[in-house]
Amino acid sequence: MGQLRLLARRDPDRFEPDLADALLNLGAALLDARRPRESVRPTAEAVRVRRDLARRSPDRHLPGLAAALSNLVSVHLDLEEWDAAAEHAQEVVDVRRRLVDGSYAHEQDLLRALDLQSQVRRSRMSGGRAVR
């Protein structure tokens, strides 16, 4: 990861997307290995990198931001951090709404994001917390 970070600093437009993907993959692998606490840092960093990329080039990077945020929601769900999961689930929905342009694929992605948001709400309720 160190080499990729160095490359991303030298040539952000070329290597930051690869860095975000690598961080997201690391976070997902840690989550799959049932190590959600260790998954937080790389997944959150992937989201930060994707946010920056999406600010600079939304058409190209908003889908990657939505995917990274979805993974972060999963991490927070596993850790039973309901407020953080709800906050990021709302952001996933917001990003997916921006992407809907009449294309079937984007509409399906939005439906999946809304389903994820609903899952977060149900998890909060089952955890004994009221849903806002």
Side-chain angles (χ1 to χ4, degrees):
M1 195 76 64
Q3 289 288 350
L4 193 49
R5 285 180 197 284
L6 180 62
L7 290 169
R9 273 189 226 112
R10 289 183 182 165
D11 191 351
D13 290 335
R14 183 171 176 197
F15 292 106
E16 277 186 344
D18 294 333
L19 176 61
D21 289 343
L23 289 163
L24 197 59
N25 288 336
L26 175 59
L30 289 166
L31 193 59
D32 288 345
R34 306 230 182 268
R35 294 162 55 185
R37 182 69 48 207
E38 295 172 59
S39 178
V40 172
R41 180 174 282 151
T43 307
E45 186 178 350
V47 167
R48 281 191 299 275
V49 172
R50 283 287 174 193
R51 273 192 186 118
D52 186 50
L53 289 165
R55 268 191 290 278
R56 294 190 322 242
S57 181
D59 291 343
R60 184 172 171 208
H61 295 290
L62 278 175
L65 173 59
L69 284 163
S70 294
N71 280 29
L72 192 55
V73 170
S74 295
V75 170
H76 288 300
L77 282 174
D78 275 15
L79 293 170
E80 298 182 356
E81 296 173 344
W82 314 124
D83 292 340
E87 177 184 335
H88 295 298
Q90 181 61 55
E91 191 175 357
V92 174
V93 169
D94 294 344
V95 170
R96 291 294 183 193
R97 280 194 173 123
R98 286 180 62 189
L99 289 167
V100 171
D101 57 2
S103 76
Y104 179 76
H106 286 305
E107 288 175 3
Q108 293 303 304
D109 289 338
L110 175 58
L111 290 174
R112 281 189 288 278
L114 289 166
D115 185 56
L116 179 63
Q117 187 178 47
S118 176
Q119 178 185 346
V120 169
R121 288 183 177 146
R122 286 190 308 273
S123 295
R124 287 176 88 176
M125 287 173 54
S126 69
R129 310 251 335 251
V131 177
R132 293 182 224 166

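What's counted below: heavy atoms across the whole structure, side chains too, no hydrogens, waters or symmetry copies.
- Between Pro17 and Pro12, the closest heavy-atom pair is CD-O, 3.8 Å.
- In this structure, the side chains of Arg51 and Glu91 come closer than 4.5 Å at one or more pairs of heavy atoms.
- In plain terms, the two heavy atoms of Leu26 and Pro42 that are nearest each other are CD2-CB, 4.0 Å.
- The residues Asp83 and Arg124 are annotated as salt-bridged, a charged nitrogen and a carboxylate oxygen being separated by less than 4.0 angstrom.
- A salt bridge links Arg112 to Asp109: one of the charged nitrogens lies within less than 4.0 Å of a carboxylate oxygen.
- The shortest side-chain heavy-atom distance between Glu16 and His61 does not fall under the 4.5 Å cut-off.
- Cluster annotation: Val47 is not connected to Phe15 through the hydrophobic network of ILVMFWY side chains, with a link wherever side-chain heavy atoms come within less than 4.5 Å.
- Considering every non-hydrogen atom in both Pro63 and Pro58, the closest pair reads CD-O, 4.4 Å.
- For Arg122 and Ser118, the side-chain atoms include at least one donor-acceptor pair closer than 3.5 Å.
- For the salt bridge (charged side-chain N to carboxylate O under 4.0 Å, His left out) test, no residue two or more places apart in sequence or in another chain qualifies with Arg14.
- Rounding to the nearest 0.5 angstrom, the gap separating the NE2 atom in His88 from the OG atom in Ser74 is 12.0 Å.
- Contact check on Arg56 versus Asp52 returns a salt bridge, with a Lys/Arg side-chain nitrogen under 4.0 Å from an Asp/Glu carboxylate oxygen.
- Note: Ser39 OG to His76 NE2 = 9.5 Å, rounded to the nearest 0.5 Å.
- In summary, Asp21 and Arg50 engage in a salt bridge, as defined by a charged side-chain N under 4.0 Å from a carboxylate O.
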| said: Run the side chain to side chain contact (heavy atoms under 4.5 Å, CB included) test on Leu23 and Leu19 for me, step by step, so that the C-alpha distance in whole Å, both residues' side-chain angles and the decisive distance to 0.1 Å come before the verdict. | reply: CA-CA 6 Å; Leu23 289 163; Leu19 176 61; 3.9 Å; yes
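- Note: the hydrophobic cluster containing Leu24 does not contain Leu69 (ILVMFWY, side chain heavy atoms under 4.5 Å, direct or indirect links).
- Of all heavy-atom pairs between Ala66 and Val92, the closest is O-CG2, 4.1 Å.
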Using side chain to side chain contact (heavy atoms under 4.5 Å, CB included), reason through Leu114 and Val93 one step at a time and then give a plain yes or no. CA-CA 6 Å; Leu114 289 166; Val93 169; 3.8 Å; yes
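- One distance of note links CG of Leu30 with CD of Glu38; it measures 5.5 Å at 0.5 Å rounding.
- Taking CG of Leu111 as the start and CG of Leu116 as the end, the distance is 12.5 Å to the nearest 0.5 Å.
- There is no path of hydrophobic side-chain contacts, each under 4.5 Å, that joins Val73 to Val75.
- Between Leu77 and Val120, some side-chain heavy-atom pair lies under the 4.5 Å cut-off.
- To the nearest 0.5 Å, atoms CG (Leu110) and CG (Asp115) are separated by 11.0 Å.
- Residues Leu72 and Leu62 share a single hydrophobic cluster, defined by chaining ILVMFWY side chains whose heavy atoms lie under 4.5 Å apart.
- Residue Leu6 is not grouped with residue Met1 when hydrophobic side chains (ILVMFWY) are merged at heavy-atom distances under 4.5 angstrom, including chains of intermediate members.
- Between atom CG of residue Leu31 and atom OG1 of residue Thr43 there is a gap of 7.0 Å, rounded to the nearest 0.5 Å.
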